Amino acid sequence: MTANVAEEKTPAVPVWNDRAVSVPERVDALIEAMTLREKIAQLYGVWVGASDEGGDVAPHQHDMEEAVDLDALLPAGLGQLTRPFGTAPVDPALGALSLMRTQARIAAENRFGIPALAHEECLAGFAASGATAYPVPLSWGATFDPVLVRRMAAAVGRDMRAVGVHQGLAPVLDVVRDARWGRVEETIGEDPYLVGTVGTAYVQGLESAGIVATLKHFVGYSASRAGRNLAPSSVGPRERADVLLPPFEMAVREGGARSVMHAYTDLDGIPAAADEELLTGLLRDTWGFDGTVVADYFGIAFLTTLHGIAGDWADAATAALRAGVDVELPTVKTFGAPLVEAVTDGRVPETLIDRALRRVLTQKTALGLLDPDWNPLPPALDGADLDAPDALRGSIDLDGPGNRELARTLAEEAVVLLSNDGTLPLARPRSIALLGPNAAEPTAVLGCYSFPQHIGVHHPDSPVGIDLPTLHDTLAAEFPDTEFTVTRGTGIDDADLSGIPQAVRAARDADIAVVVLGDRAGLFGRGTSGEGCDVESLTLPGAQQQLLDALLDTGTPVVTVLLAGRPYALGRAATESAAIVQAFFPGEEGTHAIAGILAGRLNPSGRLPVSVPRTPGAQPTTYLGPRLAHANDVSNIDPTPAFSFGHGLTYTTFDWTDLTVDNHEAPTDGAFTLALTIRNTGRRPGTEIVQLYLHDPVASVVQPVQRLIGYTRLDLDPGQARRLHVTVPADLASFTGRDGQRITEPGTLELRFATSSTQPRLTARVTLTGPQRHVDHTRHLHAAFVVGQEPVARA
């Protein structure tokens, strides 16, 4: 009898907390129990900063929003916490404690005990004070190494999860269409296949660590007119389908991404945030995406203030909800009181609220946030004395040796040797004139979303938090017996020419002049590269070209090193420099990589993810242009690049021989099988990156002259050879036809094995036979590369 009474007094676990019940049932039960205000509270975030004393987070006051009263909001619940670590400098351990205490408060103050989902930026590593600053995505593309990028992303994700973060706003899958755009550094390159494969690897790495990866910016942001941030995008349906969408399609299908962020831009007058065909029809109904769509920061309000398609906040919220946006970020605005009022007065059906809420709660359930034993304690604080915050300071290392080793390896693979007359590697020179604005600048290796450049610049009294050796530091370590003379010559973006004569004298007195040029990353005009830092032409910023030309006139061999966020036209230096080394913001270990390559300790293996222009005004252009986009007799503007997509030199040589094709014909649902031999014919170990391009001479709609459909890295010792076997599905020849459907059509193709988009080495002519065939998002996406053993030596 006593036992029965005890059983009756034991409170039942609510259905939404019961792990024995299916996730859909748990979510449905919770939605049924919630009031309208509680439902909507799960659909927005609040921008906060963690406390450096370990207390509750504080709402971030942004000039685009009104102040937020957490005390008033929390009884209804809260969907997300925006950037607790990425808003102001905070010790990682005390930030984790602050987030933990805030999560406990959030859960305690709403009826259902639901914590918030915390998100952070992670475009080039976890954007938190003291966290590893990895190379920017454009450097990921330069590696042509998805396996390494996946490892890096997993490390980033582990650091984020350790301190209580759930979601990362990365990767950027925008394909570069105009290098004048300020956010080129955040992209992976100008080719959709490279962007898709490397970006998908990053997604897989984040997701493997339990972080919700967020694909951005969906879609068309990088195709803005004249490369201006947030400008309208003028692209046709085929460019959207065949260039801009494939990376997102791949990351959804193969990466397992659980979130997508809409773009700010409009395509042909339809803002992405209000595009139901895009966010629901294509993303969900066709591709089968079942995660959450989150707003780019303030993007829903922009439907009123910038796009002018909504008359008030409620109209903006309605348009976004109908299109398929589930969560308003970074903070509550249109999804707050205006949306409550719009549902109450019947302008917005509550079913739209429930649809978005179901996706949000499904994700929170999958993250364990609705489990009965959920605990806000993050793994990094497990076992720590939480009552002694001062003792916690400095106890969490987000930049440990393993991270730095990954950052260095990635930087080493990303540095591109554009040209070399034999001057590199340097042969222990007696003296080096180290010149230019980035020669001794520690932050020259960082992109605009690194914590020091994104947030730290607003807190000049706070330490950078990570070790950032300058190129002077690392070169001096490589050449301890060399005499260095260091002078800036000019600044990054000023017109000061007064220091150029001193730089010229230093160059004339040295054996070698190494001039280090490029960008300063920043936001909204505070830098020469980064969000809102668009440029009118691709001339080097400031007076850097004048400095470079003056140094070339000295007669001293000039090695040009670029630490930049985009490619620049280099004028006469493209042909007159003794060597050119390109690094796209290579991260905290980047100068070690550059110094190692200059000294010959490392063999360069990076390849260009974007073309380097010959002239500063031949934009917009990428290698993907059709015939009329290339040099021709009907225009006096020659857009031929100085260095093409995929280009990069090494300190060894390779022979490509013995191309064989097993079948020169295949049906439109078949595949071709080919093989070739790559041999290292030099005296040093090296890496060859085999790139496979498809050329379709005659098609029913205009096609690019060629496009990348596959690649692989081959590491070969001197004299070593490998037989490379490649299977190419016919699906890789597909494109969007006149009726808007993706097709594979019969006809002759060229499969070009190349070292860059302009340097084919071996070409096979093959033919697709049979009827035209429609394909969809389930088509084959990759050629298969299999590396065999060393071939039998030829007689």
Side-chain angles (χ1 to χ4, degrees), residues 124 133-136 138-143 185 404-420 423-429 432-447 450 466-480 482 484 486 488 492 512-521 529 544 548 557-568 570 573 577-609 612 643 648-651 687:
Y134 292 94
V136 298
L138 202 56
S139 273
W140 310 349
T143 70
E185 64 173 74
R404 292 197 73 99
E405 182 181 357
L406 262 176
R408 184 178 294 202
T409 302
L410 196 71
E412 290 172 351
E413 290 192 7
V415 175
V416 185
L417 179 59
L418 295 184
S419 68
N420 184 21
T423 297
L424 296 184
L426 298 176
R428 301 294 165 187
I432 293 177
L434 187 57
L435 313 168
N438 278 335
E441 173 52 57
T443 60
V445 294
L446 301 180
S450 66
I466 53 177
D467 184 31
L468 292 174
T470 68
L471 188 55
H472 180 211
D473 297 330
T474 56
L475 273 178
E478 293 283 352
F479 299 104
T482 296
F484 285 87
V486 182
R488 293 174 76 241
I492 288 290
I512 292 287
V514 176
V515 57
V516 193
L517 309 172
D519 282 314
R520 179 186 65 255
S529 173
Q544 293 184 70
L548 182 52
V558 175
V559 175
T560 302
V561 176
L562 296 155
L563 289 166
R566 62 163 64 83
Y568 285 106
L570 302 176
S577 288
I580 304 173
V581 175
Q582 174 77 67
F584 296 108
F585 291 141
E588 63 183 35
E589 290 287 323
T591 62
H592 285 289
I594 294 169
I597 285 171
L598 295 181
R601 177 173 52 82
L602 301 172
N603 197 339
S605 65
R607 302 294 189 269
L608 282 175
V612 173
F643 303 101
L649 304 178
T650 74
Y651 292 151
T687 300

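These numbers come from a predicted model, not from an experiment. Atom set for the values below is all heavy atoms of this structure, side chains included, hydrogens, waters and symmetry mates excluded.
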query = So do Tyr651 and Leu602 actually touch side chain to side chain, heavy atoms under 4.5 Å?
reply = no
query = With no hydrogens and no angle check, is any side-chain donor or acceptor of Arg566 less than 3.5 Å from a backbone partner on Ala564?
reply = no
request  = Could you tell me whether a side-chain N or O of Asn603 sits under 3.5 Å from a main-chain N or O of Thr650, the two making a donor and an acceptor?
outcome  = no
query = Quick one: ring pair (Phe, Tyr, Trp, His ring centres under 6.0 Å) partners of Phe484, sequence neighbours excluded?
reply = His472
query = Between the main-chain N or O of Phe584 and the side-chain N or O of Glu185, is there a donor-acceptor pair closer than 3.5 Å?
reply = no
request  = Taking ring pair (Phe, Tyr, Trp, His ring centres under 6.0 Å) as the test, write out the residues that go with Tyr568, two or more places apart.
outcome  = none
ask   = Closest approach of Gly141 and Pro609, non-hydrogen atoms and distance?
value = C-CB, 3.9 Å
query = Do Leu563 and Val516 come within less than 4.5 Å of each other through their side chains, counting heavy atoms only?
reply = yes
message = Side chains of Val581 and Asn420, heavy atoms from C-beta outward: is any pair under 4.5 Å?
response = no
message = Working to the nearest 0.5 angstrom, can you tell me the gap between Arg428 CZ and Glu478 CD?
response = 7.0 Å
request  = Using the test side-chain hydrogen bond (donor to acceptor under 3.5 Å, both in side chains), find all partners of Thr409 that sit at least two apart in sequence or belong to another chain.
outcome  = none
ask   = Is a salt bridge present between Arg404 and Glu588, judged by a nitrogen-to-oxygen distance below 4.0 Å?
value = yes
task = Of all the heavy-atom pairs spanning Val136 and Ala124, show the shortest one and how long it is.
result = CA-CB, 4.1 Å
ask   = Can you tell me how far CD1 of Ile512 sits from CG of Leu598, rounded to the nearest 0.5 angstrom?
value = 10.0 Å
query = Distance only, no hydrogens: is a donor on one side chain within 3.5 Å (strictly under) of an acceptor on the other, for Thr560 and Ser577?
reply = yes
request  = Determine whether Leu471 and Asn438 make a side-chain contact, defined as any pair of heavy atoms from C-beta on separated by less than 4.5 Å.
outcome  = no
inquiry  = Please check: side-chain N/O of Thr482 versus main-chain N/O of Pro429, any donor-acceptor pairing under 3.5 Å?
reply    = yes
query = Do side-chain atoms of Thr591 reach the backbone of Pro469 as a donor and acceptor pair under 3.5 angstrom?
reply = yes
query = Are Ser419 and Phe643 close enough that some pair of their side-chain heavy atoms sits under 4.5 Å apart?
reply = yes
task = Could you walk me through whether Leu446 and Leu468 pass side-chain contact (heavy atoms from CB on, under 4.5 Å), step by step?
result = CA-CA 9 Å; Leu446 301 180; Leu468 292 174; 3.7 Å; yes
ask   = Under 4.5 Å between any side-chain heavy atoms of Leu410 and Pro135, yes or no?
value = yes
inquiry  = Strictly distance-based, threshold 3.5 Å: is any side-chain N or O of Asp473 a donor or acceptor partner for the main-chain N or O of Ala476?
reply    = no
ask   = Which heavy atom in Phe585 sits nearest to a heavy atom in Asp519, and how many Å separate them?
value = CZ-CB, 3.6 Å
query = Shortest non-hydrogen contact from Ile492 to Gly518?
reply = CD1-O, 3.7 Å
query = Within a strict 4.5 Å, meaning less than it, do heavy atoms of the Ile594 and Thr474 side chains meet?
reply = no
request  = May I have the step-by-step check of side-chain contact (heavy atoms from CB on, under 4.5 Å) for Thr470 and Leu475, ending in yes or no?
outcome  = CA-CA 9 Å; Thr470 68; Leu475 273 178; over 6 Å; no
message = How close do Leu548 and Ala573 get, counting heavy atoms only, and between which atoms?
response = CD2-CB, 3.3 Å
Considering all heavy atoms, the nearest Gln544-Pro437 contact = OE1-CG, 3.9 Å
key: Pairwise side-chain contact, Val559 with Val515, heavy-atom cut-off 4.5 Å (strictly under)   = no
